[in-house]
Undergrad: 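Please find one structure pasted underneath; my questions will follow.
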Amino acid sequence: VLLQAYGGGLVQAGDSLRLSCAASGGRFSSYAMGWFRQAPGKEREFVAAINWKGDITYYGDSVKGRFAVSRDNAKNSVYLQMNSLKPEDTAVYYCAADTYGVITRDVVALVGEYDYWGQGTQVTVSS
């Protein structure tokens with residue numbers, strides 16, 4: 001499974017940005033998908049996740065109410081809509097696939113829960 005995240009860039013605080021992650025190989029429609037981010041000198045942080053069907057989503061506390069995860073199984077893609085961006089959202093954003101498909105609240109934020117990772121896309125929010 002190959003995951004490629006894109007859509008990052010340099011924006012100002014308060015702006016919006018939409019990240020995309022395209023998957024190839026494997027059975028994307030059966031995978032749960034997650035978004036994580038990592039800022040310099042910090043651990044990888046859970047941002048959002050969506051189950052295989054797209055009807056269950058989870059969010060990290062720092063992005064709740066501002067970010068929205070969605071997917072289009074026909075396009076083998078998952079998206080992260082980021083609104084009201086803050087300088088502290090600056091990080092490299094990664095998409096990840098959980099091949100089990102059914103993801104629960106107690107494991108959704110665990111890096112080890114995911115089997116495949118994309119290369120990351122940089123998001124920089126200026127103040």
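As the structure is a prediction and not an experimental result, all values here were calculated from the model.
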Undergrad: Closest heavy-atom contact between Lys42 and Gln38?
TA: O-NE2, 3.0 Å
Undergrad: Determine whether Ser20 and Ser77 make a side-chain contact, defined as any pair of heavy atoms from C-beta on separated by less than 4.5 Å.
TA: no
Undergrad: If you measure from CD on Gln12 to OG on Ser127, what distance do you get to the nearest 0.5 Å?
TA: 9.0 Å
Undergrad: Just by distance, do the side chain of Asn51 and the backbone of Gly54 share a donor-acceptor pair under 3.5 Å?
TA: yes
Undergrad: Do Thr90 side-chain atoms and Val125 backbone N/O form a donor-acceptor pair below 3.5 Å?
TA: yes
Undergrad: Can you check whether Phe46 reaches Phe36 side chain to side chain, under 4.5 Å on heavy atoms?
TA: yes
Undergrad: Consider only side-chain heavy atoms of I, L, V, M, F, W and Y, link residues closer than 4.5 Å, and tell whether Ile103 and Trp117 are in one cluster.
TA: yes
Undergrad: Is the shortest heavy-atom distance from the side chain of Trp35 to the side chain of Val78 under 4.5 Å?
TA: yes
Undergrad: So, does Ser126 use its side chain to make a donor-acceptor pair with the main chain of Val11 at under 3.5 Å?
TA: yes
Undergrad: Nearest heavy-atom pair of Phe28 and Arg71: which atoms, and what distance?
TA: O-NH2, 2.9 Å
Undergrad: Do Asp89 and Arg37 have side-chain heavy atoms sitting under 4.5 Å apart?
TA: yes
Undergrad: Using a distance-only test with no angle check, is there a side-chain donor-acceptor pair under 3.5 angstrom linking Ser62 and Glu45?
TA: yes
Undergrad: Just verifying a value: how many Å separate Cys95 SG and Tyr79 OH, rounded to the nearest 0.5 Å?
TA: 12.0 Å
Undergrad: Within the 4.5 Å heavy-atom criterion, are Asp98 and Asp115 side-chain neighbours or not?
TA: yes
Undergrad: Search all heavy atoms of Leu3 against all heavy atoms of Gln119 and return the closest pair with its distance.
TA: O-OE1, 3.5 Å
Undergrad: In the single-linkage hydrophobic clustering (I, L, V, M, F, W, Y; side-chain heavy atoms under 4.5 Å), do Tyr114 and Val47 co-cluster?
TA: no
Undergrad: Should Val107 and Val111 be regarded as members of a common hydrophobic cluster, given that ILVMFWY residues are connected when their side-chain heavy atoms come within less than 4.5 Å of each other, either directly or indirectly?
TA: yes
Undergrad: Would you say Leu110 and Trp52 are hydrophobically clustered, going by side-chain heavy atoms of ILVMFWY under 4.5 Å?
TA: no
Undergrad: Does any non-hydrogen side-chain atom of Leu2 lie less than 4.5 Å from one of Gln4?
TA: no
Undergrad: Looking at Tyr59, does the NZ or CZ of Arg66 lie under 6.0 angstrom from its six-membered ring centre and within 45 degrees of the ring axis?
TA: no
Undergrad: Could you report the tightest heavy-atom contact between Thr121 and Gly7, atom names first, then the distance?
TA: OG1-N, 4.0 Å
Undergrad: Within the 4.5 Å heavy-atom criterion, are Phe67 and Leu85 side-chain neighbours or not?
TA: yes
Undergrad: Taking all atoms of both residues into account, what is the closest heavy-atom pair of Thr99 and Tyr31, and its distance?
TA: CA-CD2, 3.4 Å
Undergrad: Give the cluster check for Met33 versus Tyr58: same hydrophobic cluster or not, with ILVMFWY residues linked at side-chain heavy-atom distances below 4.5 Å.
TA: no
Undergrad: On a heavy-atom basis, which atom in Leu80 and which in Ala48 lie closest, and how many Å separate them?
TA: CD1-CB, 4.1 Å
